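Quantities reported herein were computed from a predicted structural model and do not represent experimental measurements.
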Amino acid sequence: MSRQRIKAVVMGASWGGLEAYTAVLGRLPATLPVPVLLVQHQHPTAGDKLPWLLDTRTAMRVMSAQDKTALEPGCVYVAPPGYHMLVDSDHTVCYSLAAPVNYSRPSIDELFYSAGHVYGHGLLAVILTGANEDGAAGIKYIKQRGGITVAQSPLTAEAQAMPQSAIDTGCVDWVRDLPDIGDFVVEQVFGLQE
């Protein structure tokens with residue numbers, strides 16, 4: 001069976017996210033032909049250190065995108081503390097100061113909704129460890145738009161609530177242990193998975 005072409009990857013995490021992102025991004029090559037956008041729940045005053053931390057853990061280029069930054073393949077875009085990060089119809093990043101969603105800004109759901117709207121069936125969404133339900137509604141929306149969805153196995157999550165909430169929607173295509181998710185993303189993007 002021929003694979004659909006993945007055009008972007010979105011990821012969301014909360015509690016335990018740094019370790020989870022380290023495991024996933026460490027498996028992604030610099031030649032990944034799509035952009036990766038991620039949300040990590042952070043306190044608004046946390047400072048923008050996460051891109052620097054993650055940049056030391058992957059071959060891809062990691063950055064905190066500025067408003068209206070054009071999305072490029074081989075790059076990881078990290079939502080800054082205190083802002084929702086969205087994907088605009090022209091494939092650029094835009095920021096929003098709208099109210100927190102699931103007590104979070106940035107919100108995983110907000111990124112997933114906007115990316116699902118723009119990329120539809122060309123989107124791969126990943127839910128990782130976390131202690132609330134953020135991302136579950138976004139996973140459902142992406143699945144309705146024809147995208148591919150994967151959740152970290154709650155058994156390998158530092159906090160099980162977030163991946164379990166996504167799984168409970170019935171809209172997660174695959175559940176994978178954390179050490180396998182990076183390779184799974186590569187297989188999906190390069191069309192190697194059945």
Side-chain angles (χ1 to χ4, degrees), residues 3-14 17-18 20-41 50-51 54-55 57-65 69-79 84-89 91-94 106-130 134-136 138-153 162-163 166 171-193:
R3 296 294 304 153
Q4 63 193 34
R5 172 98 164 83
I6 301 298
K7 296 186 170 102
V9 177
V10 290
M11 300 185 190
S14 183
L18 179 60
Y21 281 133
T22 296
V24 175
L25 296 178
R27 304 295 299 171
L28 304 185
T31 57
L32 198 76
V34 299
V36 176
L37 299 97
L38 63 86
V39 166
Q40 166 68 45
H41 290 167
L50 187 59
L54 292 176
D55 194 53
R57 293 163 162 87
T58 181
M60 297 181 73
R61 198 174 68 168
V62 183
M63 66 187 73
S64 179
T69 297
L71 297 173
E72 297 180 13
C75 294
V76 178
Y77 300 90
V78 180
H84 295 306
M85 181 173 70
L86 311 174
V87 178
D88 216 339
S89 58
H91 300 255
T92 61
V93 170
C94 63
S107 161
I108 298 164
D109 279 334
E110 292 296 295
L111 171 61
F112 282 17
Y113 289 143
S114 66
H117 180 74
V118 171
Y119 291 108
H121 64 270
L123 186 63
L124 171 60
V126 180
I127 284 286
L128 299 168
T129 180
D134 194 17
I139 282 282
K140 190 173 182 181
Y141 179 74
I142 288 167
K143 183 64 179 170
Q144 290 169 345
R145 301 272 299 157
I148 297 172
T149 57
V150 61
Q152 178 180 354
S153 168
M162 189 174 290
C171 295
V172 170
D173 296 314
W174 285 280
V175 177
R176 292 286 188 262
D177 291 342
L178 180 60
D180 302 328
I181 292 175
D183 290 339
F184 177 85
V185 170
V186 171
E187 290 167 357
Q188 291 295 317
V189 169
F190 285 102
L192 304 174
Q193 185 80 5

**Report entry** Rounded distance [0.5 Å steps], OG in Ser153 versus CZ in Arg176
**Finding:** 10.5 Å

Requested in this report: Search all heavy atoms of Tyr141 against all heavy atoms of Tyr113 and return the closest pair with its distance.
Outcome: CE2-O, 3.4 Å

Going by atom type alone, with no hydrogens or angles, which donor-acceptor pairs under 3.5 Å involve a side-chain atom of residues 23-36 and a protein atom two or more places apart or on another chain?
residue: Arg27; atom: NE; partner: Asp183; partner atom: OD1; Å: 3.0
residue: Arg27; atom: NH2; partner: Asp183; partner atom: OD1; Å: 3.1
residue: Arg27; atom: NH2; partner: Asp183; partner atom: OD2; Å: 3.2

Query raised in the report: Nearest 0.5 Å, what's the CD1-CD distance between Ile181 and Gln152?
Result: 5.0 Å

Query raised in the report: Pick one: which of Leu123, Val93, Leu111 meets side-chain contact (heavy atoms from CB on, under 4.5 Å) with Val87?
Result: Leu111

Query raised in the report: Any side-chain heavy-atom pair from Asp173 and Val150 closer than 4.5 angstrom?
Result: no

Query - Phe112 side chain reached by Ile127 side chain, heavy atoms, under 4.5 Å - result: yes

Query - His117 backbone acceptor or donor facing Arg145 side chain under 3.5 Å - result: yes

Query raised in the report: What heavy-atom pair brings Leu38 and Tyr21 nearest, and what distance separates the two atoms?
Result: CB-OH, 3.7 Å

Report summary line: So OH of Tyr77 and CE of Met85: to nearest 0.5 Å the spacing works out to 10.0 Å

Report task. Determine, stepwise, if the pair Leu50 / Leu18 fulfils side-chain contact (heavy atoms from CB on, under 4.5 Å). Result -> CA-CA 8 Å; Leu50 187 59; Leu18 179 60; 3.9 Å; yes

Requested in this report: Apply side chain to side chain contact (heavy atoms under 4.5 Å, CB included) to Ser107 and list each qualifying residue two or more places apart in sequence or on a separate chain.
Outcome: His84, Val101, Asp109, Glu110, Asp134

Report task. Indicate yes or no: at least one non-hydrogen side-chain atom of Val76 is less than 4.5 angstrom from one of Leu54. Result -> no

**Report entry** Reported CD1-to-SG distance for the pair Ile139 and Cys171, which is rounded to 0.5 angstrom
**Finding:** 8.5 Å

**Report entry** Smallest separation among heavy atoms of Leu124 and Gln188, with atom names
**Finding:** CD2-CB, 4.0 Å

Query raised in the report: Given side chains that start at C-beta, do those of Met162 and His41 come closer than 4.5 Å, heavy atoms only?
Result: yes

Query raised in the report: So which heavy atom on Val172 is nearest to which on Ala166, and how close?
Result: CG2-O, 3.4 Å

Query raised in the report: Got a donor-acceptor contact below 3.5 angstrom from the Thr149 side chain to the Ala125 backbone?
Result: no

Query - Arg61 side chain near Cys75 side chain, heavy-atom distance below 4.5 Å - result: yes

Query raised in the report: Which residues satisfy the ring pair (Phe, Tyr, Trp, His ring centres under 6.0 Å) test with Tyr119, sequence neighbours excluded?
Result: His91

**Report entry** Smallest separation among heavy atoms of Arg57 and Thr22, with atom names
**Finding:** CD-OG1, 2.8 Å

Query raised in the report: For Ala20 and Leu178, which heavy atoms make the closest approach, and how far apart are they?
Result: O-CD1, 3.8 Å

